[in-house]
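Following: one structure in structure tokens, then a few remarks.
The figures that follow rest on heavy atoms only: side chains count, while hydrogens, waters and symmetry mates do not. Residue numbers start from 1 in every chain, and the chains themselves are labelled A, B, ... in the order their sequence lines are given, proteins ahead of strands.
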4 protein chains.
Amino acid sequence: MSEGFALIASALASIAKGFHARGWVIGTSGNLSAVVDREPLRLAMSPSGVDKGELSADQILMIDEHARVLSEHQAKPSDESPVHIRIVKERRAAAVFHTHSIWNNILSDVHAPDGGLAIEGYEMLKGLDGVKTHAHREWVPIIENSQDMPALAETIGDILTQHPQAHAFLLRRHGLYAWGNDLGQARRHVEILEFLLETVGRRSSMKGSV
Amino acid sequence: MSEGFALIASALASIAKGFHARGWVIGTSGNLSAVVDREPLRLAMSPSGVDKGELSADQILMIDEHARVLSEHQAKPSDESPVHIRIVKERRAAAVFHTHSIWNNILSDVHAPDGGLAIEGYEMLKGLDGVKTHAHREWVPIIENSQDMPALAETIGDILTQHPQAHAFLLRRHGLYAWGNDLGQARRHVEILEFLLETVGRRSSMKGSV
Amino acid sequence: MSEGFALIASALASIAKGFHARGWVIGTSGNLSAVVDREPLRLAMSPSGVDKGELSADQILMIDEHARVLSEHQAKPSDESPVHIRIVKERRAAAVFHTHSIWNNILSDVHAPDGGLAIEGYEMLKGLDGVKTHAHREWVPIIENSQDMPALAETIGDILTQHPQAHAFLLRRHGLYAWGNDLGQARRHVEILEFLLETVGRRSSMKGSV
Amino acid sequence: MSEGFALIASALASIAKGFHARGWVIGTSGNLSAVVDREPLRLAMSPSGVDKGELSADQILMIDEHARVLSEHQAKPSDESPVHIRIVKERRAAAVFHTHSIWNNILSDVHAPDGGLAIEGYEMLKGLDGVKTHAHREWVPIIENSQDMPALAETIGDILTQHPQAHAFLLRRHGLYAWGNDLGQARRHVEILEFLLETVGRRSSMKGSV
């Protein structure tokens with residue numbers, strides 16, 4: 001493995017530990033990827049079925065654009081690798097993170113009948129790439145969950161095309177996908193969206209809510 | 001003590017500390033066991049009346065199938081040892097963990113009149129042994145609490161027979177029992193079920209809940 | 001200072017840090033004491049106005065039964081020292097801990113019109129000294145808050161006499177007092193009561209609540 | 001940089017880490033400042049666009065009363081520097097901290113139509129500078145959020161004049177500003193106000209709330 005890959009793998013393991021401490025990648029849930037090379041595509045990807053609180057850098061796989069493992073590992077890449085690859089291509093993202101939190105599960109279900117969730121008027125939105133004012137209206141699309149990963153990747157591709165400004169999307173009763181132009185931005189986008197989903201969820205139970 | 005026992009005892013103490021940090025084995029509540037040998041049955045078991053946040057490996061007892069202490073300890077094994085032994089036999093579990101969380105207490109009470117709680121449609125369910133799709137419906141039986149441990153172990157035996165697919169059960173206003181084919185899987189099952197119970201509990205207070 | 005005092009002071013500082021991490025002694029709130037000698041009474045007591053997350057063992061004062069400082073410190077003892085002294089005498093407690101948590105503040109206010117709060121039917125109650133069954137009914141008296149410490153100590157004395165079985169009491173919109181026969185038991189009583197207050201508080205917002 | 005500045009910068013980085021652990025300065029949100037000299041004004045200020053969980057002492061800038069950077073840094077100071085400078089001048093504060101928590105976002109929105117929020121009757125209020133009794137009524141003004149920082153600083157100046165006793169204010173759907181006569185008091189004010197906002201928010205969903 002190259003030195004660049006080793007650094008990326010180490011960063012992914014560290015981010016996974018941070019997410020685990022906040023309860024966002026409990027059990028074997030969640031997965032993380034980051035681009036090593038674009039042409040041809042080389043992706044650092046978390047393996048399938050591993051506890052994210054115990055993920056170590058040397059467990060991170062290198063895969064190609066068909067989710068085939070190129071590194072010397074016996075492990076399989078995450079089943080959701082096609083989703084990561086799709087996001088990397090559609091958004092030219094450098095890193096893609098997927099979390100299962102209590103609040104993203106709840107909000108993805110409550111707002112599923114509307115096809116998505118609008119988050120508007122919060123200063124915290126300014127932490128999202130390109131957002132300059134709290135008046136910004138972020139539409140977070142919600143997609144029905146599926147175990148057919150190639151089909152799900154297609155649906156996600158369509159949603160990304162329809163919502164070119166979206167910084168993230170939710171899979172219903174499943175979790176959040178967010179990404180960024182580098183590892184730090186992708187992690188920041190997850191933190192910000194988890195914060196906003198919990199805020200919106202708790203706010204909706206209070207008086208004066210709309 | 002054998003080297004195998006020492007390793008298991010050390011793992012149990014470490015898992016207890018992790019559960020304590022999440023608030024699932026507050027005070028002296030909760031208990032943990034793991035199989036050392038099956039024939040004859042030898043179980044590593046947490047002692048009675050010890051703060052789980054301070055449990056050390058050398059406090060872990062070795063007991064037989066009648067919950068008699070075989071190791072050189074003055075301490076008594078957990079009063080709930082017969083429940084652990086029953087689960088180990090009925091499910092051929094390698095580890096059994098019992099937690100008292102705020103949300104498992106609440107849900108065990110709210111759904112007690114129905115005899116159990118169905119959790120369905122969450123991706124997180126796929127972390128349970130043998131579950132392949134989020135469409136899975138997990139039935140978590142709820143059993144009335146009792147201080148008569150042998151009688152409770154019998155009731156639990158009946159419930160396990162009636163619900164051969166169940167990965168866990170709740171004791172009303174008491175806590176969760178979950179188990180697994182190895183220590184990691186048992187811990188994962190606890191994490192997943194605690195996550196799902198909190199999600200279902202919070203979800204039920206939101207609009208559009210069913 | 002004697003070696004015994006140094007050990008107790010060190011234990012109090014460590015317990016304060018643990019409570020701070022859980023959000024129970026935020027800012028300078030909360031205080032802790034432990035008996036060093038009974039005849040004449042010598043009490044290790046946390047100083048007034050110190051952040052409990054940063055409390056060190058050498059800041060712990062030694063006071064007598066009139067809350068006069070006997071150790072070589074410039075600091076004043078906690079204003080609530082008379083309350084600690086009263087509890088030590090009435091209950092022959094070896095340690096007294098006082099926490100300000102979000103849930104003990106809420107419950108102390110919601111149930112103030114009833115003069116107290118009953119907690120019944122939870123297995124976790126068995127962690128309280130002398131409680132043998134979850135069927136136990138724990139009455140937690142609630143006392144109106146006051147800045148007149150000697151008068152408050154008198155009222156508390158009366159309440160302790162009227163409720164000889166109580167393991168703790170609440171001051172309205174102020175906090176919890178709990179105690180024990182040793183430092184470990186007092187800490188355990190705080191953990192258990194904070195757990196139960198949060199459980200009862202969250203439970204009351206759910207369907208089927210009584 | 002002077003030794004005094006280095007100590008202040010180190011303290012700010014440490015406080016930022018503590019706030020991050022509690023979820024109050026997620027992503028790049030929040031900012032912190034402390035007075036180095038008053039005449040002419042020299043302020044230690046967190047830089048713009050940095051993750052507060054990773055803020056290091058050597059990233060802290062020194063700025064003057066026009067928010068111009070005096071230290072050898074390429075980074076820009078926080079966009080909200082004019083707000084910090086205004087508070088330092090109006091209140092003679094030694095430190096100013098700004099947090100974005102879930103509960104301060106919610107409460108700032110729920111109570112915005114009233115122009116502020118009264119917190120009254122809680123013992124925890126006594127941790128605020130100069131407050132001697134729980135009967136104290138703290139009025140926390142709420143100001144509409146804006147991206148026009150100089151204008152916002154003017155509005156804040158007016159509010160501070162109108163409410164000379166206020167220890168803090170909220171920006172709607174944005175966050176909390178609190179300050180103190182030294183670093184420890186400013187941090188304590190944040191902790192206490194975050195505690196009280198969460199308590200008031202959760203309390204309002206319970207029975208018997210007014």
Check the side chains of D:Glu80 and D:His98 for a donor-acceptor pair under 3.5 angstrom, ignoring hydrogens and angles.
yes
Can you tell me if D:Asp158 and D:Thr161 form a side-chain donor-acceptor pair at under 3.5 Å?
no
Regarding D:Asp129 and D:His189, do their side chains bring together a donor and an acceptor under 3.5 Å, going by distance alone?
no
Just say parallel, tilted or perpendicular for the rings of D:Tyr177 and D:Phe169, cut-offs at 30° and 60°.
parallel
With a cut-off of 6.0 Å (strictly less than), are more than 12 heavy atoms of other residues, nucleotides or ligands near CZ of D:Arg38?
yes
Check whether D:Lys52 reaches the backbone of D:Gly30 with its side chain - one donor and one acceptor, N or O, closer than 3.5 Å.
yes
Do you know which of D:Leu125, D:Val190, D:Thr133 has the most heavy-atom pairs under 4.5 Å to chain C?
D:Thr133
Residue, of C:Gly27, C:Gly49, C:Gly23, that accumulates the most heavy atom pairs under 4.5 Å with chain D
C:Gly27
Which portion of C:Ser108 sits near chain D, non-hydrogen atoms under 4.5 angstrom
neither
Salt bridge flag under 4.0 Å for residues D:Arg42 and D:Asp64:
no
Using non-hydrogen atoms only, which part of C:His20 is less than 4.5 Å away from chain D: side chain, backbone, both, or neither?
both
Side chain from CB out, backbone as N, CA, C, O: work out which of these in D:Lys126 comes under 4.5 Å of a heavy atom of chain C, or both, or neither.
side chain
Among D:Glu198, D:Arg22, D:Gln185, which residue has the highest count of heavy-atom pairs closer than 4.5 Å to chain C?
D:Arg22
Measure C:Ala112 against the heavy atoms of chain D and call it side chain, backbone, both or neither at under 4.5 Å.
neither
Could you look at C:Asp51 and say if it's the side chain, the backbone, both or neither that has a heavy atom under 4.5 Å from chain D?
side chain
Mind ranking D:Glu191, D:His134, D:Arg202 by heavy-atom pairs under 4.5 Å with chain C and telling me who comes out on top?
D:His134
